[in-house]
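Numbering starts at 1 and runs along the sequence shown.
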Amino acid sequence: MIEIRKSEERGQADHGWLRSYHSFSFADYHDAEHMGFGHLRVINEDRIQPGTGFGTHGHRDMEIISLRAGGRARPQGQHGKRFDHRAGGRAAHERGKGVLHSEFNHAQDVTHFLQIWIEPRATGIPPSYEQKHFDAASKRGRLRLVASPDGRDGSVTIHQDAFVYAALLDGADRATHKLRPGRRAYLHVARGTLTANGQPLETGDALKATNAPEITLEKGERAEALLLDLA
């Protein structure tokens, strides 16, 4: 079964320095029909104005993946360590029972990023932070694995049976991901347009798939997409 959710159907929050779109219930946005998808709990698409950012705050018992789509930001991680996120696809992953961080946009332009929360398979995991860079070439015309349960292919490691892929598609590019029986898929279009299993999608649109043998992405026009393979 395929279900499409259009960009304008998401929750929205505009704080001036931050404009955020919520695919699932989050903060002041509540929608009983969109509380998550399997172990996927949050996809927030955020744009942070230059010279602004999030103050120090905490997370616990959640796998949090931040994927940078543009701009530059510096999150301040636990123990005072700084992490620099360059444009072009840097994935930062936080996990555990008590991570504290702050995050600011030190660039001259708006930082655009996706924040993904996935429920872990266990609670009380020691807090940690991992960061890796995935350049555009590694995602061009293909689905590049950026997060997985075992850190395969240079991806960041998450404590859940979930696989996160990123892709850049344009023109004749075509990428197919096969799903094992019983798996489900969630696709989010961060930028541009494409078709997924024949369904036309625009920036901010999403596709949910259950009992589908595969997901095929094609006919992209400067498209950037995120695909999650979930139990």
Side-chain angles (χ1 to χ4, degrees), residues 1-12 19-24 31 33-47 65-70 87-91 112-118 134-148 153 155 161-231:
M1 183 177 73
I2 299 291
E3 179 183 345
I4 305 297
R5 192 178 190 208
K6 301 299 289 182
S7 174
E8 59 270 19
E9 297 172 6
R10 296 178 293 172
Q12 300 183 35
R19 185 166 181 82
S20 184
Y21 293 86
H22 309 309
S23 296
F24 303 104
D31 185 339
E33 298 297 318
H34 297 93
M35 297 297 295
F37 188 61
H39 296 296
L40 174 61
R41 179 62 187 84
V42 167
I43 292 186
N44 288 343
E45 186 168 2
D46 296 331
R47 288 174 173 83
I65 304 163
S66 298
L67 292 172
R68 297 299 188 262
R90 187 163 287 259
H112 175 203
F113 72 99
L114 295 171
Q115 189 175 140
I116 303 102
W117 293 20
I118 297 173
F134 304 95
D135 61 23
S138 70
K139 297 177 289 184
R140 178 68 60 194
R142 62 186 289 262
L143 287 157
R144 196 333 173 170
L145 185 65
V146 297
S148 68
D153 299 330
S155 61
D161 184 9
F163 299 83
V164 183
Y165 298 85
L168 297 172
L169 300 167
D170 199 28
D173 292 337
R174 188 174 191 269
T176 296
H177 178 72
K178 295 188 179 298
L179 294 165
R180 300 195 308 272
R183 305 286 293 184
R184 66 187 82 188
Y186 188 94
L187 176 73
H188 177 84
V189 181
R191 176 167 56 91
T193 63
L194 53 73
T195 65
N197 289 20
Q199 300 287 330
L201 300 173
E202 300 178 341
T203 301
D205 291 351
L207 177 147
K208 299 179 186 178
T210 54
N211 299 317
E214 64 184 28
I215 302 296
T216 297
L217 309 180
E218 57 188 340
K219 299 179 182 177
E221 293 186 14
R222 302 185 66 179
E224 183 171 5
L226 177 75
L227 177 69
L228 291 92
D229 180 330
L230 305 161

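Under the 3.5 Å distance criterion, the side-chain polar atoms of Arg5 are matched with a main-chain donor or acceptor of Ser23. Between the Asp205 side chain and the Ser7 main chain, a donor and an acceptor come within less than 3.5 Å of each other. Although no hydrogens or angles enter the test, the distance criterion places no donor-acceptor pair under 3.5 Å between the side chain of Arg47 and the main chain of Phe113. In this structure, Asp170 contributes its side chain and Arg222 its backbone to a donor-acceptor pair below 3.5 Å.
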Please step through side-chain contact (heavy atoms from CB on, under 4.5 Å) for the pair Ile116 and Leu226, ending with a clear verdict.
CA-CA 10 Å; Ile116 303 102; Leu226 177 75; 3.8 Å; yes
Chi angles and distances behind the side-chain contact (heavy atoms from CB on, under 4.5 Å) call for Phe163, Arg183
CA-CA 11 Å; Phe163 299 83; Arg183 305 286 293 184; 3.6 Å; yes
Report the C-alpha distance between Phe24 and Leu40 in whole Å, list the side-chain angles of each, state the deciding distance to 0.1 Å, and finish with yes or no for side-chain contact (heavy atoms from CB on, under 4.5 Å).
CA-CA 9 Å; Phe24 303 104; Leu40 174 61; 3.7 Å; yes
Start with the C-alpha gap between Val146 and Ile65, add the side-chain angles, then the distance that decides, and say whether side-chain contact (heavy atoms from CB on, under 4.5 Å) holds.
CA-CA 10 Å; Val146 297; Ile65 304 163; 5.6 Å; no
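To the nearest 0.5 Å, the span separating CG on Leu201 from CD1 on Ile4 amounts to 5.0 Å. Put simply, CG on Leu168 and CG on Leu194 are 11.0 Å apart, with the number rounded to the nearest 0.5 Å. Note that the CZ atom of Arg174 and the CD atom of Glu218 stand 5.0 Å from one another [nearest 0.5 Å]. Here Leu145 contributes atom CG and Ser138 contributes atom OG; the two are 10.5 Å apart, rounded to the nearest 0.5 Å. Annotation: the span from Leu217 atom CG to Leu207 atom CG amounts to 9.0 Å, rounded to 0.5 Å. Annotation: the span from Glu3 atom CD to Tyr186 atom OH amounts to 9.0 Å, rounded to 0.5 Å.
No more than 12 heavy-atom neighbours from other residues, nucleotides or ligands sit within 6.0 angstrom of CG on Asn211. Other residues, nucleotides and ligands contribute only 12 or fewer heavy atoms inside 6.0 Å of the NZ atom of Lys219. Lys6 NZ: more than 12 foreign heavy atoms inside a 6.0 Å radius. Within a 6.0 Å sphere centred on CD of Glu33, other residues, nucleotides and ligands contribute 12 heavy atoms or fewer.
For the pair Asp173 and Arg140, the minimum side-chain heavy-atom distance is below 4.5 Å.
A side chain to side chain donor-acceptor pair (under 3.5 Å) with Glu45 holds for exactly one of His112, His22, Gln12, Arg19; it is His112.
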